[in-house]
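As the structure is a computational prediction, the values presented were derived from the model and not from experiment. Both counts, for ligands and for their atoms, begin at 1 and track the order of listing. Note that the numbering runs from 1 along the sequence shown for the chain.
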Amino acid sequence: MTEKKQTILSGIRATGKLHIGNYLGALKQFVDLQNGKGNLSAEASAKADCFFFIADLHALTTPFEAKELSQNTLEVAADYLAAGIDPKKSTFFLQSQVLEHAELGWIFNCLTPLGELNRMTQFKEKSEEQKGQISGGLLTYPTLMAADILIYKPTAVPVGEDQTQHVELARDTARKFNNRFGQTFPEPKTYLRKPLRVMSLTDPTKKMSKSGDEALMLDDPPAEILRKLKKAPTATDATKESPGVKNLFLLLEHFGSEEQITEYSHEQKNNTIKYSELKEALAKAIAEHFAEFRDQKQELLANPKTIMDALEQGATKARKIASQTLAEVKEKVGLL
Ligand code: ADP
Ligand code: TRP
């Protein structure tokens, strides 16, 4: 049976260079989907049209500095490219360079009841964290995200669990729009990535995050990886459950060899494990995994024009589709 062609879309905010949690939780899945290795069916994934972008407009919803924002955008773009997003295979672009997103976002703002935006979990959480700095943009974050998504009429949107409510809002927006103005948007499915949470190396009860301490950055040099891992808390009794140890094993599962996984799991059960050895092996494995990535990222950042050119070309491709959808929407809602 031939399956319907899939269109896949996702984005990451330009709030800082990416760490190993962003990689395992998001970026790696994007690269796999692009290369036909996602766990959509292999056939569907191989033929999928992929759109991956950097949500720089969404980066404005949390406190930011102009200089940092532009640097972060370049860093995230270099992270995407060095990790294997190939602009020849995927449409890779910057949200702010495809103006149609913001325009459709405005239309969706005007069609979305305030109550729906007010009840979004992320809005409530971030408003708590950012007391006194809550902008209109933080509230309307999900309508812009709905526009990011629906403008390409995708079939699947790979996001982490924290973003499923926003994809749900995009589906509601599509449904309501279709009911009122006639069939326009297919309702995209959330492609829920395997729940996976890399925890902080300093406090393994919290998730590793860009704003947290000592996140393991994808471009960290080998000595830095080892230094950060050495600090990670473990346990004195290996047979007892410890969040720090669990986190190290999660990393080992992704970056270690089969033999290492078997050997260290065995030693852990026997309580003979030396965590310093595990950390050294892990640091080496991670450093090796990202060796090529580091070189490529460095090369890209030394020549930001290459990055900007790739983004420009992606934006040109994206605009072709985005402008068609926007024209259709404007006509349907009565904008001349
Ligand atoms: P951060 O929390 O570091 O600021 P973002 O919120 O910008 O990261 O997340 C970008 C993507 O990376 C999202 O898809 C998110 O689900 C994923 N992600 C972020 N942190 C982790 C983590 N520690 N483990 C797994 N996935 C993560
Ligand atoms: N909100 C997403 C995040 O924080 C980033 C994002 C913006 C996004 N627009 C999107 C993800 C559209 C998927 C689809 O991770």
Practice task
Check whether any N or O atom of Gly160, backbone or side chain, sits under 3.5 Å from an N or O atom of ligand 1, and answer yes or no.
Solution key: no
Completion exercise
For Ser209, the atoms of ligand 1 under 4.0 Å from one of its heavy atoms are 2 (O), 3 (O)
Handout entry: Backbone of Gly182 reached by a side-chain donor or acceptor of Thr184 within 3.5 Å
Key = yes
Handout entry: Short N or O distance, Gly21 and ligand 1, threshold 3.5 Å exclusive
Key = yes
Problem - More than 12 heavy atoms from other groups under 6.0 Å of CD on Glu187 - result: yes
Problem - Identity and distance of the protein heavy atom lying nearest atom 16 (O) of ligand 1 - result: Arg193 NH2, 3.5 Å
Exercise for the section: May I ask you to check whether Tyr152 and His101 place their ring centers less than 6.0 Å from one another? Expected result: yes
Practice task
Would you please determine whether Gln163 falls within less than 4.0 Å of ligand 1 on a heavy-atom basis?
Solution key: no
Exercise for the section: Measure the distances from the heavy atoms of Leu196 to every atom of ligand 1 and state whether one is below 4.0 angstrom. Expected result: yes
Handout entry: Heavy-atom nearest neighbour of atom 2 (C) of ligand 2 within options His101, Gln163, Gln122
Key = Gln163
Handout entry: ligand 1 atoms in contact with Arg197 (distance to a heavy atom under 4.0 Å)
Key = 24 (N), 25 (C)
Handout entry: Heavy atoms from other residues, nucleotides or ligands near CD of Gln183 exceed 12 (cutoff 6.0 Å)
Key = yes
Practice task
Report, in ascending order of atom number, the atoms of ligand 2 lying under 4.0 Å from any heavy atom of Ile149.
Solution key: 12 (C), 14 (C)
Handout entry: Heteroatom distance test (Lys210, ligand 1): nitrogen or oxygen, under 3.5 angstrom
Key = yes
Practice task
Identify whether the distance between the nearest side-chain nitrogen and carboxylate oxygen of Lys332 and Glu328 falls below 4.0 Å.
Solution key: yes
Fill in the blank from the handout: Nearest non-hydrogen protein atom to atom 7 (C) of ligand 2, with distance, is His58 ND1, 3.4 Å
Practice task
Output the list of atoms in ligand 1 that are nearer than 4.0 Å to some heavy atom of Gly25, sorted by atom number.
Solution key: 25 (C), 26 (N)
Handout entry: Heavy atoms from other residues, nucleotides or ligands near CD of Glu299 exceed 12 (cutoff 6.0 Å)
Key = no
Practice task
Please check if any side-chain donor atom of Arg171 sits under 3.5 Å from a side-chain acceptor atom of Thr190, or the reverse.
Solution key: no
Practice task
Check the hydrophobic clustering (I, L, V, M, F, W, Y; side-chain heavy atoms under 4.5 Å; chains of links allowed) and say if Met145 and Val329 are grouped together.
Solution key: yes
Completion exercise
For Ser10, the atoms of ligand 2 under 4.0 Å from one of its heavy atoms are 11 (C), 13 (C)
Handout entry: hydrophobic_cluster_shared for Leu117 and Phe108, side chain cutoff 4.5 Å
Key = no
Practice task
Go through ligand 2 atom by atom and flag the ones less than 4.0 Å from a non-hydrogen atom of Ala55.
Solution key: 7 (C)
Practice task
Output yes when the distance from some N or O of ligand 1 to some N or O of Met208 is under 3.5 Å, and no in every other case.
Solution key: yes
Exercise for the section: Say whether Lys124 and Asn118, considering side chains only, have a donor N or O and an acceptor N or O under 3.5 Å apart. Expected result: no
Completion exercise
min-distance protein heavy atom vs atom 1 (N) of ligand 2 -> Tyr141 OH, 2.7 Å
Practice task
For atom NZ of Lys126, decide whether the heavy atoms of other residues, nucleotides or ligands shown that lie under 6.0 angstrom number more than 12.
Solution key: yes
Handout entry: Distance-only side-chain donor-acceptor flag, Ser323 / Glu100, under 3.5 Å
Key = no
Practice task
Assert yes or no for the condition that the ring centre distance of Phe290 to Phe255 is strictly below 6.0 Å.
Solution key: yes
Exercise for the section: State whether the number of non-hydrogen atoms from other residues, nucleotides or ligands found under 6.0 Å of Glu161 atom CD is greater than 12. Expected result: no
Exercise for the section: Measure Val167 to ligand 2 on non-hydrogen atoms and call it side chain, backbone, both or neither using the 4.0 Å cut-off. Expected result: neither
Exercise for the section: Would you check the N or O atoms of His19, main chain and side chain alike, for any that come under 3.5 Å of an N or O of ligand 1? Expected result: yes
Practice task
Give the residue, atom name and distance (to 0.1 Å) of the protein heavy atom nearest atom 23 (N) of ligand 1.
Solution key: Val198 O, 2.8 Å
Completion exercise
heavy-atom search around atom 6 (O) of ligand 1 in the protein gives Lys207 NZ, 4.4 Å
Exercise for the section: Taking only heavy atoms of Leu9 into account, list the atoms of ligand 2 that are under 4.0 Å away from them. Expected result: 14 (C)
Practice task
List the steps, then state whether side chain to side chain donor-acceptor pair (under 3.5 Å) holds for Asn270 with Thr272.
Solution key: CA-CA 5 Å; Asn270 294 343; Thr272 55; 4.6 Å; no
Practice task
Give the residue and atom name of whichever protein heavy atom lies nearest to atom 5 (C) of ligand 2, and the separation in Å to one decimal.
Solution key: Gly11 O, 3.5 Å
Problem - Any Asp162 heavy atom less than 4.0 Å to ligand 1 - result: yes
Exercise for the section: Check each heavy atom of Phe53 against ligand 2 and say whether those closer than 4.0 Å belong to the side chain, the backbone, both or neither. Expected result: side chain
Handout entry: Ionic contact status for Arg227 with Glu224, cut-off 4.0 Å
Key = yes
Problem - Within-cut-off N or O pair, Asn22 and ligand 1, under 3.5 Å - result: yes
Practice task
Measure Ala26 to ligand 1 on non-hydrogen atoms and call it side chain, backbone, both or neither using the 4.0 Å cut-off.
Solution key: side chain
Completion exercise
atom 9 (N) of ligand 2 sits nearest the protein heavy atom Asp148 OD2, 2.7 Å
